[in-house]
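For reference, the structure is listed below as structure tokens.
FYI, side chains are in, hydrogens and waters are out, and symmetry mates aren't considered; it's all heavy atoms of this structure. Position 1 is the first residue of the sequence; numbering continues from there.
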Amino acid sequence: MAAQDTVWTPGRLLERLERAEPLFVFDVRNRDEAERFRLEGRTALPGVNLPYFEMLELGGRDDMVDSVVACVERELEAELPRDLPVLAVCAKGETSEFVAEGLRRLGYESASLAGGMRAWGTHYVTRPVVDEPALAIHQVMRIARGCLSYVVSSGREALVIDPLRHLEPYLELARARGVRIAGVIDTHAHADHISGGPALAARTGAPYYLHPYDGIHPVDMVPPRIPYEPLREGQVLRAGKVELAVLHVPGHTLGLVALRLDDRFLLTGDSIFIRSIARPDLGGKADVWAPLHTRSLRRLAALPEKIVVLPGHFSSLAEANERGLFAAPLGQLARRNDGLAALRREDDAGFVRYLLASLPAPVAEYMDIKRVNAGLLSPDEDDAFALELGKNVCALSQAYATTAGEAS
């Protein structure tokens, strides 16, 4: 392996994952961290987890690299492949360098991940969905979490939809295109990630929009401590010549909205994804919200088949199209989306049963993330990273079944 190949940036790693190039992951983080937040590609990645400090103890040498070499020779040679590149990963990209060096001494093709899983967890990619004289839509992706956000621009103005907490991708895109951010919209009160909406609005002077039903924490029932402009059914949000019509589609949350751009694009937030649909239980009221979710999904499913769905999340890189975008016509999703297939197959009562039988395990951190997004908590950077650790679990359980099965 050439010297420049001994450290992979998150961008290089993503290129390999999108091309489904073979890769073996040697994760040296603590077991609980490795279990909660792992590297995933278009298919499950083979790998092994052995915490770094255990490697040093097993190696028993004074020099760290020497200990890695001794540990691998004694404990791991049967598990590490000689015919695949081995990527060593740790939390921040420091200890993994010693591990990769030790593996190279033993003849393995090995590199470390620059910045570790912290850098991977905050790696963003921005790609154009459409770029025309009167309309541009960019999908801003936080790959490790499966979170999607959008910048819709026309003329000299832009609307930012569901921005994540790191603001630079949106500010950089606005600068590059010479547009003013005229509005910031959250399609709902997010539970899986900390919204960048209020901060981006404050930074740019743009209004921040949220449906008032999502202004109150669904468990605490406490008013928010963030200013926002209320969204309502039938409202139209404008940027240049572009008009986004607001559709109130409660179910995932009480205040969830979708945004429709004529018959061309539908920004669905957390309602319809590429493979699945959203869960209705994150407010702790699944029995009540599931029937609402059913009605909202039927409303969206009745829209023109040609309209392109732009979802708020993805569950696997395999859901991307040939351009690396998470987008598909509604008619195509009606045939291959598990949730929409069930919606077509079942009556309302049957579909509610399907929803309630398909709920993933609750995520304890989600209630505090909702508190942060309502302005009720103010975590520092380390606490914010810990709250968001791992991939979003906003879809029904079917969305994660294939990956989980391959990984087990």
Side-chain angles (χ1 to χ4, degrees), residues 121-129 136-212 214-215 224-231 235 237-240 242 244 246 253 255-259 261 267-270 310-313 368-381 383-385 387-388 392 394:
T122 56
H123 182 61
Y124 285 75
V125 177
T126 299
R127 289 174 177 158
V129 177
I137 300 177
H138 287 80
Q139 191 172 69
V140 183
M141 301 166 263
R142 187 176 174 188
I143 295 295
R145 289 201 54 75
C147 293
L148 303 171
S149 52
Y150 299 88
V151 179
V152 178
S153 56
S154 175
R156 293 292 184 178
E157 294 185 324
L159 299 172
V160 181
I161 295 94
D162 289 332
L164 305 162
R165 70 182 176 91
H166 304 95
L167 305 186
E168 193 54 35
Y170 313 100
L171 297 172
E172 182 179 326
L173 181 62
R175 285 193 296 266
R177 298 190 66 85
V179 297
R180 176 181 68 89
I181 295 177
V184 180
I185 305 150
D186 265 332
T187 57
H188 62 292
H190 301 280
D192 69 291
H193 67 267
I194 295 172
S195 170
L200 184 60
R203 179 86 169 263
T204 61
Y208 170 61
Y209 295 96
L210 180 72
H211 195 283
D214 273 9
R225 296 176 185 164
I226 53 170
Y228 67 89
E229 297 292 327
L231 291 171
Q235 184 176 357
L237 302 172
R238 296 177 175 85
V242 169
L244 296 180
V246 175
T253 68
L256 176 65
V257 303
L259 302 170
L261 200 168
L267 291 87
T268 53
D270 282 20
L310 300 175
H313 289 297
D368 272 349
I369 291 175
K370 277 187 171 288
R371 292 183 180 104
V372 174
N373 287 335
L376 305 176
L377 288 177
S378 299
D380 60 21
E381 175 60 27
D383 288 341
F385 184 84
L387 280 175
E388 293 184 328
N392 83 85
C394 291

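- For the atom pair OG of Ser149 and CG of Leu267, the computed distance is 10.5 Å after rounding to the nearest 0.5 Å.
- Taken from CG in Asp270 to NE2 in His188, the straight-line distance is 3.5 Å, to the nearest 0.5 Å.
- Leu231 has its side chain within reach of Leu237: a pair of non-hydrogen atoms, C-beta onward, lies under 4.5 Å apart.
- A heavy-atom distance below 4.5 Å is found between the side chains of Arg165 and Glu381.
- Rounding to the nearest 0.5 angstrom, the gap separating the CD1 atom in Ile194 from the CZ atom in Arg371 is 13.0 Å.
- With contacts defined as side-chain heavy-atom distances shorter than 4.5 Å, the pair Leu244/Ile161 qualifies.
- Counting heavy atoms from C-beta on, the side chains of Asp162 and Leu148 never come closer than 4.5 Å.
- Listed by chain and residue number, Val236, Glu243 satisfy the side chain to side chain contact (heavy atoms under 4.5 Å, CB included) test with Arg238 (two or more places apart in sequence, or in another chain).
- Applying the salt bridge (Lys or Arg N to Asp or Glu O under 4.0 Å) test to pairs two or more places apart or on separate chains, those with a residue in residues 149-161 are Glu157-Arg180.
- A donor-acceptor distance shorter than 3.5 angstrom exists from the side chain of Asn373 to the backbone of His193, with no hydrogens or angles considered.
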Can you check side-chain hydrogen bond (donor to acceptor under 3.5 Å, both in side chains) on Tyr150 and Gln139, steps first, answer last? CA-CA 5 Å; Tyr150 299 88; Gln139 191 172 69; 2.9 Å; yes
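- A donor-acceptor pair is defined here as one N or O able to donate and one able to accept, closer than 3.5 Å; no such pair exists between the side chain of Tyr228 and the backbone of His211.
- Within the 4.5 Å cutoff, the side chain of Leu261 has heavy atoms near those of the Ile137 side chain.
- The closest side-chain heavy-atom distance from His190 to Ile369 is not below 4.5 Å.
- Every residue meeting the side chain to side chain contact (heavy atoms under 4.5 Å, CB included) condition with Leu167, not counting sequence neighbours, appears here in chain and number order: Leu171, Ala199, Leu200, Arg203.
- Looking only at side-chain heavy atoms (C-beta outward), Tyr170 and Val184 stay at 4.5 Å or farther from each other.
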